[in-house]
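One structure is given below, encoded as C-alpha cells.
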2 protein chains.
Amino acid sequence: MRPLFHPALEDIKPEAILYALSDPERVAIFSKLAGTACGGTCSALADLGDRVIPKSSLSNHFKVLRESGLIRSERQGVEMRNQTRCPELDERFPGLVRAILTAYGQLPEQLKTG
Amino acid sequence: MRPLFHPALEDIKPEAILYALSDPERVAIFSKLAGTACGGTCSALADLGDRVIPKSSLSNHFKVLRESGLIRSERQGVEMRNQTRCPELDERFPGLVRAILTAYGQLPEQLKTG
DNA sequence: TCAACAGTTCCGAATTTCTGAACTACGGAA
DNA sequence: TTCCGTAGTTCAGAAATTCGGAACTGTTGA
C-alpha cells in the first residue's frame with residue numbers, strides 16, 4: 001500500500017478544500033469526524049443515514065479529504081484513525097471551515113464554542 | 001435563447017456554492033464582480049491575467065455562478081450585466097462568502113467593511 | 001436589410017467520478 | 001508458522017462531467 005500523502009499546512013489550497021466539501025457525503029463524514037474526540041475509522045462512517053456508501057467510494061472520500069488537507073489519517077493496527085485538521089486550518093483560513101459546516105447546518109457541538 | 005434561471009434564496013444549496021467557488025477562474029470572476037459597483041459584462045471579465053478564457057467556457061462559468069445562486073444576470077441590450085447576490089447570500093449563509101474570498105486572498109475592498 | 005458584436009448552444013474529445021472485484025496489510029488463533 | 005477474518009486500497013471499465021471550437025441567436029446601429 002502506498003504511503004498516505006498529507007499536504008503541509010502552507011501547501012493547502014482553498015480550491016481543494018472547497019472542492020472536497022462540495023460533496024454532501026464528504027461533508028457528512030467530515031462533520032462526524034469533527035464531532036468525534038478520538039479519530040474515527042472509515043467503516044464507522046460508512047452509514048450516513050439514507051444510503052450505505054460502497055467501501056471503495058468511502059476510501060476515495062477519505063483520500064480526497066486527506067489530500068485536500070482537511071483530515072489526517074494514520075494506520076493503527078488493522079484500521080485507520082482519521083481526525084480533522086481543524087485547529088491548523090483555522091489558523092491558515094480563519095473562519096472558513098466553521099462557515100462551511102454552518103452553511104450545511106452540520107457544525108458539531110464541539111466546534112460551537114470559541 | 002433560453003430564459004436565465006436564478007434559484008430563489010431559499011433554494012440555494014451550499015454544495016452548489018462550494019462547487020462553483022472550487023474553481024479559481026470562477027473565484028476570480030466572482031471577486032471582480034463583487035468589487036464592481038455596476039454589473040460587469042462577460043467580456044469585461046474574460047481577461048484574468050495569465051490566460052484568456054474562451055468565450056464558451058466563460059459563458060459556462062457564468063451559468064454555474066448564476067445557477068448556484070452566487071450572481072444575478074440580466075440582459076441589457078446586447079450585453080449581460082452580472083452582479084453578485086452577496087447581501088442575500090450573507091443573510092442565508094452568514095460569513096460564508098466572505099470566508100471563502102478571504103481564504104483565496106481575493107476579498108475586494110468593497111466587502112472589507114461591515 | 002445588413003453587418004458587427006455579445007453571449008449561448010451544440011457536440012465531440014478529454015478528463016473525472018463511481019463502484020464492484022481483486023488485492024494488500026495487519027492481527028489473532030491454533 | 002500458517003491460516004483466517006477484518007479494514008481498507010487499488011484496479012478497471014462504464015458512466016458522467018468538463019472543456020472549448022464552431023455554429024448559432026438576439027440586439028443595435030448604419
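Each chain gets a letter, A, B and so on, in the order its sequence line appears, and its residues count up from 1.
- Computed from coordinates, the A/Glu67 CD to C/dT16 P distance equals 14 Å when rounded to whole Å.
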Nucleotides 21-30 of chain C: which of its N/O atoms have a protein N/O under 3.5 Å away?
residue: C/dA25; atom: OP1; partner: A/Met1; partner atom: N; Å: 3.1

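- Between B/Arg92 and B/Ile12, the shortest heavy-atom distance links the atoms NH2-O, 2.8 Å.
- Looking only at distances, a side-chain donor or acceptor of B/Ser22 sits under 3.5 Å from a matching main-chain atom of B/Tyr19.
- Nucleic acid contact class of A/Arg51 (heavy atoms, under 4.0 Å, all strands): sugar-phosphate only.
- Nearest heavy atoms, A/Asn82 versus A/Leu33: O-CD2, 3.2 Å.
- B/Ser68 and B/Pro7 make their closest contact through C-CG, 4.2 Å (heavy atoms, listed as atom of the first residue, atom of the second, distance).
- Distance, A/Tyr19 OH to D/dT17 P: 12 Å, rounded to whole Å.
- No more than 12 heavy-atom neighbours from other residues, nucleotides or ligands sit within 6.0 angstrom of CD on A/Glu74.
- Atom pair B/Ile53:CD1 and D/dG20:C1' shows a separation of 12 Å (rounding to whole Å applied).
- As a whole-Å value, the separation of B/Met80 CE from D/dT27 P is 11 Å.
- Distances from the side chain of B/Pro54 to the nucleotides D/dT9, D/dG21, D/dG8 place D/dG21 closest.
- Residue order along DNA chain D, read from the 5' end via each residue's closest nucleotide, puts A/Glu79 first among A/Ser57 and A/Glu79.
- One atom, CZ of B/Phe5, and another, P of C/dT8, lie 16 Å apart when rounded to the nearest Å.
- Going from atom NZ of B/Lys63 over to atom C1' of C/dC10 covers 12 Å, rounded to whole Å.
- The nearest whole Å value for the distance from the CD atom in A/Glu74 to the C1' atom in D/dG8 is 15 Å.
- As a whole-Å value, the separation of B/Arg66 CZ from C/dG7 P is 11 Å.
- If you find the closest nucleotide of DNA chain C to A/Asp23 and to B/Asn60, the one lying nearer the 5' end belongs to B/Asn60.
- Ranking D/dT17, D/dT9, D/dG20 by closeness to the A/Ser59 side chain, first place goes to D/dT9.
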